[in-house]
Amino acid sequence: MPSTPAIDQLLEGLNQPQRDAVTHPEGPLLVLAGAGSGKTRVLTHRIAWLVHTERARAGEILAITFTNKAAQEMRERVELLLGRSTRAMWVMTFHAACARILRAEAPRLGYTRQYTIYDQADARRLVKRCLDDINADSKRFTPAAVLNQISDAKNRLRSAEDLGQMVGGYFEQTVAECYRLYESELIRMNAMDFDDLLMRTVNVLELFPEVRARYAAAFRHVLVDEYQDTNHAQYRLLQLIAAEHRNLLVVGDEDQSVYSFRGADIQNILGFQDDFPEATTIRLEQNYRSTQVILDAANAVISRNRGRLGKTLWTDLGEGDPIRIRELEDEYAEGRYVVGEIDRLVDEGVSLSEIVCFYRTNAMSRVLEDTLTRREIPYQVVGGTKFYERAVVKDAIAYLTTLTNPQDAISFARCVNVPKRGIGQTSLAKVRTHADTVGISIWDAAADPGAVPGLGTAAVRALERFMTTMAGLREKVRDGVPVGDLLEAVLHETGYVEALEAERTFEAQGNLEILEQLVEVGREFDARAAGAEGDTLDLFLQQVALVADADTRQDDEGLVTLMTLHNAKGLEYPIVFMVGLEEGVFPHSRALDEGGLEEERRLCYVGITRAMRELTMTFARRRNVFGAATPGLPSRFLAEIPPDLVDEDSRPSSAGPAMRATTWSSSQSSGSAGASTGGAVDYRMGDDVVHPAFGDGVVTGTESGGIVVVRFAKDGSERKLMAEYAPLAKR
DNA sequence: CGTAAATGTTTTTTT
DNA sequence: AACATTTACG
């Protein structure tokens, strides 16, 4: 029997709970998977098992992952297990699945199949325009903040009307008004933002029962990874699709929920048993990744959180090395320390690809990058300025978008005068107004520039030339020219490449190389999509719009990896550095303001549990924030790690107080922490002081850890300074 | 209309 | 400090 050994193979090496999850017969299943407990294995083996035992055909499986990269990896692993293609399987992110459903169903909502997907920058630009249109006070209503509010509403499946009807003050009503206009603008331009992809899919499924029935029947088995990070729209989507077969398998860990700012609702995983009373729950608590010391530290930190389902990780990998905590002078010393350690590790035979450095915010990567570059250590940054967010790439994409979606005024505006063609803001505004008044698309208005009132003859001629070029390119789109060739044609016929070449700068050269990469991406897409139907350009644009920075990570390269803690989820590295463990940085001050301490702690838990063998955490006494030196105290998370797990000796920074890992939490209460610095001055409320940068001030308070609060006369600002280190003097 | 200077904004995290 | 947007001027 050929099937028996294969099934054995599928279950081989799995522990009992993993095996139970993989062979779960039918019905809802909740897998609470601690960090490093092999949840990806469970998911891949489960899918393979379903197909292999003919409980589902490939096309009946919908598997949701958090990133495109994870989807791709999952697909590859399932293919390896099954030994056959998984093309019919839906293995993708929520957003990609929704985009795909909407490509088929969006016409029911008044969109065309060629709808544009706006990224956050596009969306913000549009919100800004809407705010201007409704004359909102630009001081109180920043586009980013309002877009956040709109995004929150959409993630809760609330329409602009819903929001307007809810009682609320002036602020809420203005947001609702902006939302209403923003929404009608999106529809007019045949565009959706990221949140729309989810909400519109839910709309389609709710409004058209026959559509819902079709997808609900099609997906016999639905599997969801990182369930703790789903928001309400995603939750509702799963209910609509999975309520029938009830074969919903969700895998998650409430301790790793770190996306509440994106609307993720931890209640989704905490309440799964209430939603599906017949659900089975399986816990995976054996960790196959980290040493016991690392797990003990992680367990100790996360145990401070409330409202957990509760689980304790264990391993049989042995104790391992203690966690190293290091105090550095500033972020440069921190960078030098980390890079020095990397050097040492490399000498010991460690591969660069085994090393990762995590930080709280993207901006913190720069110092590390500089230091690595100086020491000539190759590295990769995951996140930061993403390929598809580079201005040149967005320009090129805007051209393609304009060609396929002529209603998209944002993309049109982006490319119409790049390179410079003499069609500036004033002319563009006239065209736009004309289009709005007559009720035609911006493309149609521009196609007949003579009819636009008040447009100068030079602008008319420029527009005519531009539109002739674009019309020619549109012919190519109609003829089904491959994406790679089309991109090439666009870049040359519009004069884009020539303009860059004429610049003759180092930067322009780099941009040209980036564009070559983009053309290459197009060609690769063509190669893979060969034989598909005619509208490959739309598919390409859809795919490009949903690429995330986490997807750009490379493995098996001789590169050190740098990334934010948020990007770290789901990954593991033998050697982990966590930098910037300072109050205000991590936990981030803004998160603290919003009551997000527990989420910050979960983020810390995620970081710690990425480490397999060695974990080093650093903090700096001084850090430049917004270009100004800011004193820092060790993060409270450091004090939450039991002292006996920490290596306390060999402080790299000779200067400064000899704070021990075990003592900094207690020493914070004494006014002059650390003691050993000479000349520590006691400040009292009301003392007149002077600061070289901020000028004269008066002490308005003192806080634990040797912090004085000073109000400065010059700008009336109140600042917290560390009495010991700040260049502050009594008068 | 385009350039350069001034001004404002940003840094929390992302599909 | 870095970058985007707005303003002033040629």
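Values below: every heavy atom of this structure, side chains too, minus hydrogens, waters and symmetry copies. None of the values given here were measured: they were computed from a predicted structure. Below, chains carry the letters A, B, ... as their sequence lines are ordered, and counting in each starts from 1.
The distance between atom CG of A:Asn231 and atom C1' of B:dT14, rounded to the nearest whole Å, is 12 Å. Whole-Å rounding puts the A:Gln542 CD to B:dT15 C1' distance at 14 Å. Regarding A:Met364, its CE atom lies at a distance of 15 Å from the P atom of B:dT11, rounded to whole Å. Between the C1' atom of B:dT13 and the CZ atom of A:Phe358 lies a distance of 14 Å, rounded to the nearest Å. One can place CG of A:Asp152 at 15 Å from C1' of B:dT12, the figure rounded to the nearest angstrom. B:dT15 atom P lies 22 Å from atom CZ of A:Arg200, rounded to whole Å. We find that CD1 of A:Ile266 is positioned 16 Å from C1' of B:dT13, with the value rounded to whole Å. Put simply, CG on A:Leu565 is 11 Å from P on B:dT13, counting in whole angstrom units.
When the P atom is compared between B:dT15 and B:dT11, the two are found 15 Å apart, to the nearest whole Å. Comparing the C1' positions of B:dT12 and C:dT5 gives a spacing of 23 Å, expressed to the nearest Å.
A:Glu254 meets the side chain to side chain donor-acceptor pair (under 3.5 Å) test with no other residue; sequence neighbours excluded. Taking A:Asp370 as the reference, nothing meets the salt bridge (Lys or Arg N to Asp or Glu O under 4.0 Å) condition, with sequence neighbours excluded. Scored by the side chain to side chain donor-acceptor pair (under 3.5 Å) test, A:Arg158 finds no partners at all (sequence neighbours excluded). For A:Glu599, the side chain to side chain donor-acceptor pair (under 3.5 Å) criterion is met by A:Ser260, A:Arg602, not counting sequence neighbours.
Between B:dT10, B:dT14, B:dC1, one nucleotide has an atom nearer to the side chain of A:Ala144 than all others, and that is B:dT10. Counting only heavy atoms from C-beta on, A:Tyr259 has its side chain closest to B:dT14 among B:dT14, B:dT11, B:dG2. Among the nucleotides B:dT13, B:dT12, B:dT3, the one closest to any side-chain atom of A:Lys420 is B:dT3. Listed nucleotides: B:dT12, B:dT14, B:dG2. Nearest to the side chain of A:Gln120: B:dT14. Proximity note for A:Ala363 (side chain, C-beta onward) versus B:dT15, B:dC1, B:dT11: the nearest is B:dT11. Of the candidate nucleotides B:dT12, B:dT14, B:dT15, B:dT15 has the atom lying nearest to any side-chain atom of A:His95.
One cannot find a donor-acceptor pair under 3.5 Å joining the base of B:dT12 and the side-chain atoms of A:His588.
The residue A:Ser589 sits apart from the nucleic acid: no heavy atom pair falls under 4.0 Å. Counting non-hydrogen atoms under 4.0 angstrom, A:Glu226 reaches nothing in the nucleic acid. Contact annotation for A:Asn417: backbone-only contact, meaning every heavy-atom pair under 4.0 Å involves sugar-phosphate atoms and none involves a base.
By the 5.5 angstrom centroid cut-off and the 30-degree plane limit, A:Phe261 is classified as stacked against the base of B:dT13.
Pairs of residues two or more places apart, or lying in two chains, never qualify as side chain to side chain donor-acceptor pair (under 3.5 Å) while including a residue from residues 92-101 of chain A.
A close approach under 4.0 Å does not occur between any side-chain nitrogen or oxygen of A:Asn155 and OP1 or OP2 of B:dT15. A close approach under 4.0 Å does not occur between any side-chain nitrogen or oxygen of A:Thr564 and OP1 or OP2 of B:dT12. For the OP1/OP2 pair of B:dT13 and a distance below 4.0 Å, the side-chain nitrogens and oxygens of A:Asn362 include at least one atom meeting the criterion.
Salt bridge status for A:Asp253 with A:Lys39: absent, with no side-chain N to carboxylate O gap under 4.0 Å. The residues A:Arg622 and A:Glu582 are annotated as not salt-bridged, no charged nitrogen and carboxylate oxygen being separated by less than 4.0 angstrom. Checked for salt-bridge contact, A:Arg129 and A:Glu185 meet the test: a charged N lies under 4.0 Å from a carboxylate O.
The aromatic ring centres of A:Phe637 and A:Phe586 sit less than 6.0 Å apart.
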Checklist outcome for this item: Heavy-atom contacts, protein to nucleotides 1-10 of chain C, under 4.0 Å, summarised as B (base), S (sugar-phosphate only) or - (none) per nt, yield -S---S----

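Residue whose closest nucleotide on DNA chain B sits further toward the 5' end, between A:Leu428 and A:Thr142: A:Leu428. Looking at which nucleotide of DNA chain B each of A:Ala591 and A:Gly424 is closest to, the 5′-most match is held by A:Gly424.
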